[in-house]
Amino acid sequence: VLMNELAGLRVLEMKLRENLNLSEVIIVPGDSDEDPWIKSEMGKAAVMRLKQELTGNNVIAVTGGTTIAAVAEMMTPGNKDQDLLFVPARGGLGEKVENQANTICSTMAVKARGEYRLLHLPDQLSKETYLSLIEEPGVKEVMELIRSASIVIHGIGDAKTMANRRNSSSAVLEKLEHEKAVAEAFGYYFDHHGEVVHRVRTIGLQLNDLKNSDFIMAVAGGASKAEAIAAFMKHGPKKVLITDEGAANKLLASL
Ligand code: BG6
């Protein structure tokens, strides 16, 4: 039975890879909406996949969220001949401390026996503050590291869930509703065509910078994220997706 189930998952992976135009898909059994432990299983799969990608020198940018936090929890030490430097992909996006990119980044680095650099920035930045902060030497240095990241590990969220979790203003909530936003990643919101309809202004990796990375790995699962995953994957360079059966089945049913 187990063998058949695994063979079934491999077929699902192939179908998803083709339909979403991805470079690779890894599906773990279960649905993280129903069973939170499945997030750790995705985390484990993400760590295993990441390890295949590591070279002598690695700058790894990571986002926030409970899923990437689960990746951090599953991290294990790298080889002695590998330099690992972890950086947060973007500055504050309105998450609880345990779900912030900075926190996840330092946890991951400690578990991997690597190093980390952090961005200490407030969540909501006015244009003036933003423009002066990006000139700060300390910030500039970390930003350059972020932009040079060869590996990016990120989460994907359902647009409404993320906007509410960030306590977004009613004006923003209305805008997202009006623009029919379904997905969120890196602080950007997307409609189901994968078009950006809104973004949170903060320092760090911008969507355009992704084209400079060699390896982009999205980790997102649960049937409730199926639409968001499909929408985000229409945007930009080819990615690796680590997901679960719940999201994969729902995704394929809607294609
Ligand atoms: C946030 C990221 O921290 O986590 C978002 O900034 C992402 O881009 C979200 O969509 C995903 O969160 P979770 O908890 O569903 O993994």
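What's counted below: heavy atoms across the whole structure, side chains too, no hydrogens, waters or symmetry copies. Note that ligands are numbered from 1 as they come in the structure, with each ligand's atoms numbered from 1 the same way.
The environment of Arg113 atom CZ is sparse: at most 12 non-hydrogen atoms of other residues, nucleotides or ligands sit within 6.0 angstrom.
Side chains of Gln206 and Arg199: a donor on one and an acceptor on the other come within 3.5 Å.
For Thr55, the side-chain contact (heavy atoms from CB on, under 4.5 Å) test picks out Asn58, with sequence neighbours left out. Not counting sequence neighbours, Asn99 has no partner by the side-chain hydrogen bond (donor to acceptor under 3.5 Å, both in side chains) test.
Within 4.0 Å of ligand 1, protein heavy atoms belong to Gly64, Gly65, Thr66, Thr67, Leu93, Glu95, Asn99, Gly155, Ile156, Gly157, Met162, Arg165, Arg166, Glu184, Ala185, Phe186, Lys225, listed by chain and number.
Cation-pi geometry between Lys239 and Phe232 is met: under 6.0 angstrom from the ring centre, within 45 degrees of the axis.
Annotation for Leu176: hydrophobic cluster partners, listed by chain and number, are Leu93, Met162, Val172, Tyr189, Val197, Val200 (ILVMFWY side-chain heavy atoms under 4.5 Å, direct or chained).
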